[in-house]
There are 2 protein chains.
Amino acid sequence: MPKIVDHEARRRHIAEALLRIISRDGLDAVSLREVAAEAEVSMGMVQHYFSTKDEMLMFALAHLNARIGERVARAAAAGSPRALVRAGLLELLPLDEERAFEARIGLAYLARSVVAEDLAALLRAALPYVVGFYAEQIRTAQALGQVYAGLDAGKEATILFTMAQGMVNPALIGHLTPEQVEAAVDYQLDRLFPSR
Amino acid sequence: MPKIVDHEARRRHIAEALLRIISRDGLDAVSLREVAAEAEVSMGMVQHYFSTKDEMLMFALAHLNARIGERVARAAAAGSPRALVRAGLLELLPLDEERAFEARIGLAYLARSVVAEDLAALLRAALPYVVGFYAEQIRTAQALGQVYAGLDAGKEATILFTMAQGMVNPALIGHLTPEQVEAAVDYQLDRLFPSR
DNA sequence: CGTTTTACAATGCGAATGCATTGTAATTCG
DNA sequence: CGAATTACAATGCATTCGCATTGTAAAACG
């Protein structure tokens with residue numbers, strides 16, 4: 001067998017270049033040649049590690065999700081249910097350059113999921129877990145008396161999540177400042193967790 | 001001068017074909033040839049009425065906005081501030097085939113606005129009016145004693161709007177049913193307008 | 001040492017793209 | 001009636017695309 005190469009590392013290297021292109025210029029700007037140039041490798045190498053463009057896009061999405069997942073897990077280390085929910089929501093919002101980088105990519109895939117059934121299936125599978133996490137925290141808070149027991153944890157979770165998702169574009173195009181985004185999140189959270 | 005032709009009618013005819021393509025197959029599927037085929041006209045005719053593809057995309061967006069605007073205006077005919085806000089929100093959500101058709105297109109343009117500055121500028125200009133409409137209704141309701149005066153109308157409006165926007169994709173891919181979408185909207189509205 | 005296998009690099013290719021160009025029929029105006 | 005203008009239709013063209021093919025160097029293995 002030939003040269004010693006870390007296969008997965010190469011794939012990640014290429015995937016990161018791909019993500020940079022999506023974040024900077026959108027999904028439309030992705031071509032094998034562009035990816036090769038951005039990754040500073042040959043086009044043949046890109047083809048060597050990904051048999052089709054679609055596979056590459058899927059791998060890059062999984063790679064991104066892993067990255068975000070790690071960050072969320074780290075942010076979710078600290079504290080109360082409210083802090084956990086807040087941290088989880090803010091990780092999805094473009095409040096700094098790192099999160100904006102990811103939010104742009106996420107929105108691109110999100111839009112494509114409307115016409116790409118494989119992406120839609122992925123989302124449908126993942127969403128229950130994401131929203132479920134928020135719902136669970138709210139139920140915990142209800143058990144602790146931090147949230148009024150009469151509230152519908154599932155609906156509250158859905159509202160929080162969709163609100164955050166809906167703020168992504170307005171924040172990215174500059175209609176909402178990071179401060180306004182954070183203030184709106186906290187405003188809704190204050191209502192849910194009246195103790196503060 | 002030659003043949004009598006309703007210039008604007010032709011442009012609308014082509015734009016509607018364009019919107020159908022976007023809604024069915026996404027923005028990527030739009031090509032001059034596809035549009036011509038969908039509109040059942042020659043490609044030369046498409047070029048005759050739109051000097052560039054970009055101009056066509058912009059015109060189609062304006063056409064769509066006009067359509068939605070009309071529907072919103074019609075829906076906003078009836079009633080209380082709460083009914084107005086509710087109607088305005090529901091018009092943006094894919095609760096039936098007509099609105100789903102439009103929501104798919106809206107999401108496609110929304111995603112592109114992240115990397116297309118002209119679209120972003122359009123959105124930045126339009127958003128204050130849309131969100132402002134909700135805020136205004138909430139302030140009216142506050143004056144009427146239907147909404148607690150201590151609430152921040154601007155933030156409430158932002159939350160309602162972003163929540164609705166954030167539900168578009170989950171609804172389109174089937175994660176949220178139309179019933180769940182409507183229930184979540186009413187749930188948040190119930191909190192805002194406690195009288196019911 | 002030679003064979004096999006992996007890791008690329010380079011090039012080729014048909015299809016599709018946006019746009020430009022050219023041609024033509026029809027209608028109005030002087 | 002002739003000239004000009006408009007409304008198309010048809011085709012050409014350079015570019016870009018994803019992917020296939022081919023070639024080559026290097027390393028492990030018998």
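All chains are named by letter (A, B, ...) in the order of the sequence lines, taking the proteins before the strands, and each is independently numbered beginning at 1. All values derive from a computational prediction rather than experimental measurement.
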task = Take the protein atom CD1 of A:Ile14 and the nucleotide atom P of C:dA7, then report the distance between them rounded to whole Å.
result = 12 Å

ask   = Around A:Glu182, counting heavy atoms of other residues, nucleotides and ligands shown, do more than 12 lie under 6.0 Å from its CD?
value = yes

task = Mind calculating the distance between CG (B:Leu27) and P (C:dG18) to the nearest angstrom?
result = 12 Å

message = How bent is the helix from C:dC1-D:dG30 to C:dG30-D:dC1, measuring the angle between the end axes built from five pairs each, rounded to 10°?
response = 10°

task = Report the distance from atom CG of B:Asp6 to atom P of D:dA7, rounded to the nearest whole Å.
result = 11 Å

query = Is there a donor-acceptor contact under 3.5 Å linking the side chains of B:Tyr134 and B:Glu156?
reply = no

ask   = Can you check whether A:Ile159's main-chain N or O pairs, donor with acceptor, with A:Thr162's side chain at less than 3.5 Å?
value = yes

note = Among the nucleotides C:dG18, C:dC8, C:dA20, whichever has the atom closest to the side chain of B:Arg33 is C:dG18

Main-chain N/O of A:Glu34 paired to A:Glu38 side chain as donor or acceptor, under 3.5 Å = no

request  = Ignoring backbone atoms, test whether A:Ser31 places a side-chain nitrogen or oxygen under 4.0 Å from the OP1 or OP2 oxygen of D:dT16.
outcome  = no

task = Describe, in one word, how the ring planes of A:Phe59 and A:Phe50 are oriented to each other, choosing from parallel (under 30°), tilted (30 to 60°) and perpendicular (over 60°).
result = tilted

Basic-acidic side-chain contact under 4.0 Å: A:Arg11, A:Glu8 = yes

query = Do B:Arg71 and B:Arg99 come close enough that some side-chain heavy atom pair is under 4.5 Å?
reply = yes

inquiry  = If you assign A:Val30 and B:Met43 each to the DNA chain D nucleotide with the nearest heavy atom, which residue ends up on the more 5' nucleotide?
reply    = B:Met43

message = Measuring from the side chain of A:Gln47 (C-beta onward, heavy atoms only), which nucleotide among C:dG18, D:dC19, D:dA7 has the closest atom?
response = D:dC19

query = Under 4.0 Å between a side-chain N or O of A:Arg10 and OP1 or OP2 of C:dC8?
reply = yes

ask   = Expressed in angstrom and rounded to an integer, what is the separation of A:Arg11 atom CZ from C:dA7 atom P?
value = 12 Å

inquiry  = Side chain of A:His7 only, heavy atoms from C-beta on: which candidate in C:dG18, C:dA7, D:dC19 is closest?
reply    = C:dA7

task = Report yes if a side-chain nitrogen or oxygen of A:Ser42 is closer than 4.0 Å to either non-bridging phosphate oxygen (OP1 or OP2) of C:dC8; otherwise report no.
result = no

Rounded distance in Å - CZ (A:Phe50) to P (D:dA20) = 16 Å

request  = Using a cut-off of strictly less than 4.0 Å, decide whether B:His48 has a side-chain nitrogen or oxygen near OP1 or OP2 of D:dA7.
outcome  = yes

query = Going by distance alone, is a donor N or O of one side chain under 3.5 Å from an acceptor N or O of the other, for B:Arg191 and B:Gln188?
reply = yes

message = Without decimals, in angstroms, what is the distance between B:Glu40 CD and D:dA9 P?
response = 13 Å

ask   = Considering only C:dA7, D:dC17, C:dC19, which nucleotide approaches the side chain of B:Lys53 most closely?
value = C:dC19

request  = Identify whether any heavy atom of A:Thr52 sits under 4.0 Å from a base atom; if not, whether one sits that close to sugar-phosphate; answer base, sugar-phosphate or nothing.
outcome  = sugar-phosphate

ask   = Please give, in whole Å, the distance from D:dC19 P to A:Glu55 CD?
value = 10 Å

inquiry  = Just the rounded figure in Å: distance from P of C:dT21 to CG of B:Leu32.
reply    = 16 Å

